[in-house]
Amino acid sequence: MLLAMACAPTSANSGQSPSPSSASDTAQARRLFEENIDAIHKRDRARYLATYLHTNALGRNGPAGLELGYEDWSARRDSTWPDTLVARNLRVLPIAAGVVYGTYCYTVTQKDTTSSGVSERIFVKTPEGWRIAVTTAFGLTAGAPPQCK
């Protein structure tokens, strides 16, 4: 889909070759990242929610501040989806064994309102597989220059 075409794999440039573990972690986290965004495109709530930790440790951050936990998360019951989501510049960066940071730039339209911003994820390896432990979305204020080029 658009995501696959717009988001070529990237790697961190630390001057050193990534270890086989960090390369594998990065590839697996990126697959989950793409799964997460594809679930949004397809309005598949079960697939979307399956990409997240289902614990009190799930972090969600945005302009309203940090919120924790899965059980009270509005996404579990909210029935709205964006009319369109364009995700660009999808990037992942290994942080430590079993931990990967990801970010992308978004433009979303919902009910004739279009906004752009930056979203982030922290992926962790769990016994059940890779999951998103932290998710953020920060929209750009009206008239702000684009952060993602």
Side-chain angles (χ1 to χ4, degrees), residues 1-14 16 18-111 113-141 147-148:
M1 192 148 162
L2 283 176
L3 179 62
M5 294 179 352
C7 301
T10 62
S11 62
N13 186 4
S14 64
Q16 298 176 349
S19 71
S21 174
S22 68
S24 174
D25 285 358
T26 301
Q28 291 175 48
R30 184 177 178 91
R31 278 194 292 278
L32 184 67
F33 209 170
E34 292 169 349
E35 173 80 9
N36 177 258
I37 293 170
D38 187 59
I40 295 169
H41 286 152
K42 294 179 178 166
R43 300 174 183 212
D44 186 335
R45 185 158 320 282
R47 266 181 62 217
Y48 174 75
L49 293 173
T51 62
Y52 291 91
L53 285 180
H54 291 195
T55 71
N56 290 334
L58 174 65
R60 305 171 329 269
N61 199 9
L66 180 65
E67 296 182 47
L68 296 174
Y70 179 80
E71 289 302 318
D72 294 330
W73 186 20
S74 63
R76 293 188 60 224
R77 60 190 173 282
D78 188 355
S79 62
T80 63
W81 292 98
D83 298 328
T84 61
L85 167 67
V86 177
R88 303 177 316 283
N89 302 342
L90 183 76
R91 299 182 65 194
V92 291
L93 174 71
I95 301 299
V99 181
V100 174
Y101 169 82
T103 184
Y104 71 96
C105 303
Y106 68 84
T107 301
V108 65
T109 301
Q110 188 165 7
K111 298 180 183 173
T113 300
T114 299
S115 59
S116 295
V118 176
S119 189
E120 303 167 300
R121 306 284 190 274
I122 295 179
F123 302 90
V124 294
K125 189 174 186 178
T126 73
E128 296 79 32
W130 282 87
R131 297 291 184 269
I132 298 168
V134 177
T135 182
T136 75
F138 293 94
L140 299 175
T141 57
Q147 296 178 11
C148 302

State whether the number of non-hydrogen atoms from other residues, nucleotides or ligands found under 6.0 Å of D72 atom CG is greater than 12.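 Incorrect, the count does not exceed 12.
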Roughly how far, to the nearest 0.5 Å, is CG of L90 from OG1 of T103?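 The CG atom of L90 is 8.5 Å from OG1 of T103, to the nearest 0.5 Å.
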What's the spacing between L32 CG and I37 CD1 if we round to 0.5 Å?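 Separation between the atoms: 10.0 Å.
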Pairs where residues 56-67 contributes a residue and the test side chain to side chain donor-acceptor pair (under 3.5 Å) is met, not counting sequence neighbours: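 Of all non-adjacent pairs touching residues 56-67, those that pass side chain to side chain donor-acceptor pair (under 3.5 Å) are R60-E67.
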Quick one: does any side-chain atom of H41 pair with a main-chain N or O of L85 as donor and acceptor, under 3.5 Å?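 The answer is yes, because a donor-acceptor pair under 3.5 Å joins these two groups.
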Side-chain donor or acceptor of S119 paired with backbone N/O of T136 under 3.5 Å: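 Present.
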Identify the two heavy atoms, one from [X] and one from [Y], that lie closest to each other, and give their separation to 0.1 Å.
| X | Y | answer |
| --- | --- | --- |
| L49 | H54 | O-NE2, 2.9 Å |
| T107 | T114 | CG2-CG2, 3.6 Å |
| C105 | N89 | SG-ND2, 3.8 Å |
| P82 | I40 | CG-CG2, 3.9 Å |
| L68 | G59 | CD2-CA, 3.9 Å |

Does the side-chain contact (heavy atoms from CB on, under 4.5 Å) test come out yes or no for V134 and E120, once each step is laid out? CA-CA 8 Å; V134 177; E120 303 167 300; over 6 Å; no
Intermediate values then yes/no, side-chain contact (heavy atoms from CB on, under 4.5 Å), Y52 and N36: CA-CA 9 Å; Y52 291 91; N36 177 258; 3.2 Å; yes
My understanding is that only one of R121, R47, R131, K42 makes a salt bridge (charged side-chain N to carboxylate O under 4.0 Å, His left out) with E35; could you say which?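 Only one of R121, R47, R131, K42 forms a salt bridge (charged side-chain N to carboxylate O under 4.0 Å, His left out) with E35, namely R47.
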So do the side chains of W130 and D25 get within less than 4.5 Å of each other, counting heavy atoms only?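 Heavy-atom side-chain distance check passes, below 4.5 Å.
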Is the distance from the ring center of F123 to that of F33 below 6.0 Å?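 Aromatic pair counts; centres sit under 6.0 Å.
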E34/R30 ion pair, N-O < 4.0 Å: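 A salt bridge links E34 with R30.
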Output, in order, the C-alpha distance, side-chain angles, deciding distance and verdict of side-chain contact (heavy atoms from CB on, under 4.5 Å) for I122 and I95. CA-CA 9 Å; I122 295 179; I95 301 299; over 6 Å; no
After noting the C-alpha distance and the side-chain angles of Y70 and L53, does the key distance pass the side-chain contact (heavy atoms from CB on, under 4.5 Å) rule? CA-CA 7 Å; Y70 179 80; L53 285 180; over 6 Å; no
